[in-house]
Amino acid sequence: MKKIELLAPAGDLERLKIAILYGADAVYLGGKQFSLRSRASNFDIEDIAKGVQFAKEHNAHVHVTVNMLPHEEDMDGLKEYLMELERVGVTAIIAASPTIMMCAKKYAPKLEVHVSTQHSSTNSAAANYWKSKGMDRVVLAREATLEEIKQSAKNSDVPLEVFLHGAMCISYSGRCVLSNNMTGRDANRGGCAQSCRWKYRLFEKNRQLNDDMHLFSMSSKDLMGADYVADLIEAGVASLKIEGRMKSAYYIATLVKAYRLLIDEIYEKGRLTPERMKWYYDELAKAENRPTGVGFFEGQPRYSGQLFGINGAGVTQEFIAYVLDYNEETKEATLEVRNNFKGHIEAEVFGPSITTTRFMFNDLYDMDGNVMEVAKTPMQIIKAKVPCKMEKDAMIRKVMVKDRREVY
C-alpha cells in the first residue's frame, strides 16, 4: 500500500520551503489567478516554478488551487494559465468549477485534477462520478464523518483526500454567501470578508439575547484530527490535508513536523498508546491559537464544538528565534530574533531532522560580540551559546505549559 500523503499549505515561497523541509510530501498554494484566499501572499508563475524546483529537489509535489467559481468575465486567460502550470511542472490543480476541470484536461493533460471540497462529496457514488469524468482525486467534504470516510474509501475508484487539521468554515463546504451579501465580496471568487467572525448583536424577534459586553459571532473550533490518523491510514485514504495558507511559517513547521512524526510512527508501530498520543497532542497545541475539536469525525458537532463570541485567532508569542546557522565545534548558533526573549531561559528547539529538544539558553551576543540581556528587536541577527545540537532552518520556542485539546 502506498504511504499516505501529508499535504501542507504554503502562503509564499518561504512557507513552501519550510513545509517541505519539515516533512510535507506535497504542498498546495494559490496563484494570483483563479484562486480563493485572495488575501494570501499568492504566487506568480515565476515563484510557482521556483517552488516546483525546490519540491522536486526534495522528492515533493506542488498542487495549485484553481478553485474559484468563475463568472463569465473571469474566464479570460484560463487556458493559458493552466498550460503555464503544466509547463513549470506543477503536479495537480485543485478545482471547484467543472469548466476549469475540463479545460485542464483538454489543454494541460499532464496536470492531475483534484475535485475541491467545495463540491461536498460525502460518498463513494459522488467520488466515482468524478472518476468517470476523468478526475484524479476527490477532496471529501469536511462534513463527512469518520465512518462515512471509511465507507467512501472502501467503495471509491478514485483516491480520496481528507482535511486533518485547521480552520473549519461555518458554511457548508465553504460555500458562503454572507460575505457577498453583506460586503459585495464574493467568498467563492476569492474575496471572503469573514463575516461570520464579526461581532453581532443577537435577537430573537425583538428580544436581544446577548448583552453589549459579550457580542455574538459564528465560528467553529479548529479541527485537530490526530486521533484519527491511524483510522484514515487503515481506510486507504490517499492524502491528509492541513488547512492554513494564511498561517505563519512557525505554525506550518510545528504542525507538519508533528504529523510527519505521527504518521511515520504509526506505520512503524501501529496504533499508539494514549500516553504516546498525548505527546503529539501537546506538540500540536504549541502552534494553536484557537481552541480545537474533532470537527465532524464523530458526527454532528455539538454546542461545545462552536465558538460564540470569539471572532479570530490570537497571536502566539512562543516562537522566539529562527536558526540561520550552527557551529557544532563551538556549540554556537546564529539566530534571527522573532519574539522578545532573555538569555538563561528554558526553551525548545525543533527542526527538519531534530525532534523537540528542551534546553537552557546560555549568554546571548550581538554580532559585535557584546553580551545582551534581552533580544527584543524582531529580525535582528544574534549569536547564542547553546548546550544541544541545532541545525539550519530549525526553530526555537519558549517553554509554555498548555494543553488545549478538547474532545466533544
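If you check the side chains of E86 and Y81, you find no donor sitting under 3.5 Å from an acceptor. For the residue pair Y280 and E265, a side-chain donor N or O sits within less than 3.5 Å of a side-chain acceptor on the partner. When only modelled atom types and interatomic distance are considered, K383 and T334 share a side-chain donor-acceptor pair under 3.5 Å. No hydrogens or angles considered: a donor-acceptor pair under 3.5 Å links the side chains of H214 and D211. A donor atom on one side chain and an acceptor atom on the other are found under 3.5 Å apart for Y281 and D227.
Between the OH atom of Y129 and the CE atom of M135 there is a distance of 9.0 Å, given to the nearest 0.5 Å. For the atom pair L335 CG and I382 CD1, the distance stands at 5.0 Å (nearest 0.5 Å). From S248, atom OG reaches atom CZ of F319 across 7.5 Å, with rounding to the nearest 0.5 Å. Atoms NZ and CZ, on K269 and R276 in that order, are 6.0 Å from each other to the nearest 0.5 Å. Q151 CD to T145 OG1: the interatomic distance, rounded to the nearest 0.5 Å, is 9.5 Å. Of the inter-residue distances, the one linking I233 atom CD1 with Y267 atom OH reads 4.5 Å to the nearest 0.5 angstrom.
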N/O donor-acceptor pairs under 3.5 Å from side chains in residues 341-348, not counting sequence neighbours:
from	atom 1	to	atom 2	distance (Å)
H344	NE2	D363	OD1	2.7
E348	OE1	K286	NZ	3.0
E348	OE1	R397	NE	2.9
E348	OE2	K286	NZ	3.2
E348	OE2	R358	NE	3.4
E348	OE2	R358	NH2	2.9

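Nearest heavy atom pair, residue C388 against residue V349, reads SG-CG1, 4.1 Å. Pairing each heavy atom of A96 with each of L69, the nearest pair is CB-CD2, 3.6 Å. In terms of heavy-atom proximity, V64 sits nearest to G31 at CG1-N, 4.1 Å.
Counting heavy atoms from C-beta on, the side chains of I100 and I93 come closer than 4.5 Å. In this structure the side chain of N362 never reaches within 4.5 angstrom of the side chain of V386, judged on heavy atoms. Side-chain contact between V139 and V115 is absent, with no heavy-atom pair separated by less than 4.5 Å. Contact of the V138 side chain with the E161 side chain is not registered, since no non-hydrogen atoms from C-beta on lie closer than 4.5 Å. A 4.5 Å side-chain heavy-atom check between H165 and Y259 finds at least one atom pair inside the cut-off. Side chains of Y28 and L7 form a contact here, defined as non-hydrogen atoms less than 4.5 Å apart. Under the 4.5 Å side-chain criterion, counting only non-hydrogen atoms from C-beta, L272 is in contact with I266. In this structure the side chain of I149 reaches within 4.5 angstrom of the side chain of L140, judged on heavy atoms.
Heavy atoms from other residues, nucleotides or ligands lying under 6.0 Å from CD of E373 number 12 at most. For K150, the NZ atom is densely surrounded, since the number of other residues' heavy atoms within 6.0 Å is greater than 12.
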- prompt: Run the side-chain hydrogen bond (donor to acceptor under 3.5 Å, both in side chains) check on Y22 and D393 step by step: do they pass?
  reply: CA-CA 9 Å; Y22 277 74; D393 298 311; over 6 Å; no
- prompt: Step by step, would you call T356 with E283 a side-chain hydrogen bond (donor to acceptor under 3.5 Å, both in side chains)?
  reply: CA-CA 8 Å; T356 301; E283 286 298 295; 2.5 Å; yes
query: Where do F359 and M390 land on the side-chain contact (heavy atoms from CB on, under 4.5 Å) test, with the steps shown first?
result: CA-CA 11 Å; F359 70 97; M390 296 193 178; 3.4 Å; yes
- request: Mind running side-chain contact (heavy atoms from CB on, under 4.5 Å) on R338 and Y250 for me, showing each step along the way?
  value: CA-CA 10 Å; R338 294 302 179 94; Y250 169 73; over 6 Å; no
Derivation and outcome, side-chain hydrogen bond (donor to acceptor under 3.5 Å, both in side chains), residues E391 and S353: CA-CA 8 Å; E391 63 180 334; S353 61; 2.6 Å; yes
query: Where do D222 and R290 land on the salt bridge (Lys or Arg N to Asp or Glu O under 4.0 Å) test, with the steps shown first?
result: CA-CA 7 Å; D222 285 358; R290 287 161 55 88; 3.0 Å; yes
task: Could you check R245 against T65 for side-chain contact (heavy atoms from CB on, under 4.5 Å), going step by step and ending with a plain yes or no?
output: CA-CA 11 Å; R245 283 198 283 136; T65 59; 3.6 Å; yes
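Aromatic pair Y228/F297: ring centres closer than 6.0 Å.
Side chain of N128 to main chain of S124: a donor-acceptor pair is present (N/O by atom type, distance under 3.5 Å, no hydrogens or angles).
Taking the centre and axis of the six-membered ring of Y107, the NZ or CZ atom of K79 falls inside the cone set by 45° and 6.0 Å. Because its NZ or CZ atom is both nearer than 6.0 Å to the ring centre of F54 and within 45° of the ring axis, K17 counts as a cation-pi partner of that residue. For the pair K247 and Y251, the distance from NZ or CZ to the six-membered ring centre is under 6.0 Å and the angle to the ring normal is within 45 degrees.
If you run side-chain hydrogen bond (donor to acceptor under 3.5 Å, both in side chains) between E5 and each of K241, H61, R137, only R137 comes through.
Residues satisfying the salt bridge (charged side-chain N to carboxylate O under 4.0 Å, His left out) criterion with R271, sequence neighbours excluded, are D231, E234.
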